[in-house]
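Here is the structure we will look at, set down as structure tokens.
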Amino acid sequence: VQVVESGGGLVQAGGSLRLTCTGSLTTTDRFDYYAMAWFRQTPGKEREGVACIKWDGSELYYTDSAKGRFTISRDDAKNTLFLQMNSLEPEDTAMYYCAAGRKFREYTIEESDFISWGQGTQVTVSS
């Protein structure tokens with residue numbers, strides 16, 4: 001699977017953005033074979049997992065900073081992953097990446113579990 005992110009931009013603190021990740025698959029592949037996740041990275045810092053959704057949508061994981069503000073969801077019929085981000089803070093400013101993988105962990109997100117990555121979409125939150 002190949003994935004492409006969109007939906008980033010500039011928003012004021014307290015505002016909302018919805019990120020979208022669209023998957024391109026071969027004829028033998030399926031979007032619902034994959035756990036999907038959102039990561040983010042700021043210059044000089046390691047990439048961190050933000051949210052993850054299991055291949056069947058039955059389980060979700062959020063990092064502490066995302067809980068209560070971000071919602072991850074998927075539409076497998078459209079090969080699409082979403083991240084709804086509300087109550088944005090300047091600390092959420094980062095490049096956001098979509099990733100597809102074969103493993104879902106209940107209590108964390110491990111970068112090494114993901115095999116396909118997008119190029120990223122920039123989110124900037126002004127104070």
Out of the candidates Val11, Thr124, Thr93, only one should pair with Leu88 under the side chain to side chain contact (heavy atoms under 4.5 Å, CB included) rule; please name it. Val11
Which atoms form the tightest heavy-atom contact between Gly23 and Val3, and what is the distance? CA-CG1, 4.3 Å
Given side-chain contact (heavy atoms from CB on, under 4.5 Å), test Leu60 with Ile72 step by step and report yes or no. CA-CA 8 Å; Leu60 309 176; Ile72 188 171; 4.0 Å; yes
On a heavy-atom basis, the closest approach of Met85 and Val123 is CE-CG2, 3.9 Å
Distance, nearest 0.5 Å, that separates NZ of Lys78 from CZ of Phe31: 13.0 Å
Keeping the roles fixed (side chain from Ser116, backbone from Ala100), state whether a donor-acceptor pair exists under 3.5 Å. no
From Cys98 SG over to Phe82 CZ, what is the distance, rounded to the nearest 0.5 angstrom? 11.0 Å
Evaluate the side-chain proximity of Thr71 to Tyr62: yes if any heavy-atom separation is below 4.5 Å, no if none is. yes
For Ser16 versus Ser87, what's the shortest heavy-atom pair and its separation? OG-N, 4.4 Å
To check you understand the geometry: which heavy-atom pair defines the closest contact between Trp38 and Leu83, and what is its length? NE1-CB, 3.4 Å
Met95 CE to Thr121 OG1 distance, which is reported to the nearest 0.5 Å: 7.5 Å
Are any of the side-chain heavy atoms of Glu89 and Arg69 separated by less than 4.5 Å? yes
How many angstroms lie between OH in Tyr33 and CG in Asp56, if you round to the nearest 0.5 Å? 13.5 Å
So is Arg40 actually on top of Tyr97's ring, under 6.0 Å and inside 45° of the axis? no
State whether the side chain of Glu5 and the backbone N or O of Gln119 hold a donor-acceptor pair below 3.5 Å, judged by distance alone. yes
Under a single-linkage definition using a 4.5 Å side-chain heavy-atom cutoff for Ile, Leu, Val, Met, Phe, Trp and Tyr, are Leu17 and Met36 assigned to the same hydrophobic cluster? yes
Rounded to the nearest 0.5 angstrom, the CD-CG distance for Gln84 and Leu19 is 9.0 Å
If you group Ile, Leu, Val, Met, Phe, Trp and Tyr by side-chain heavy-atom gaps below 4.5 Å, do Phe70 and Val125 land in one group? yes
Would Ile109 and Trp55 show up in the same hydrophobic cluster when neighbours are defined by side-chain heavy atoms closer than 4.5 Å? yes
Roughly how far, to the nearest 0.5 Å, is OH of Tyr107 from OH of Tyr61? 11.0 Å
Aromatic rings Phe39 and Phe114: how do their planes relate, parallel, tilted or perpendicular, breaks at 30° and 60°? perpendicular
Hey, are Arg105 and Glu110 close enough for a salt bridge, meaning a charged N less than 4.0 Å from a carboxylate O? no
Go through the steps for Ile115 and Tyr34 under the test side-chain contact (heavy atoms from CB on, under 4.5 Å), then give the verdict. CA-CA 10 Å; Ile115 57 175; Tyr34 298 92; 4.0 Å; yes
Among Asn79, Val4, Thr80, Leu81, the one residue meeting side chain to side chain contact (heavy atoms under 4.5 Å, CB included) with Cys21: Leu81
Counting only N and O atoms by type, is there a donor-acceptor contact under 3.5 Å from the side chain of Arg74 to the main-chain atoms of Lys54? yes
Electrostatic pair Arg30-Asp76, nearest N-O below 4.0 angstrom: no
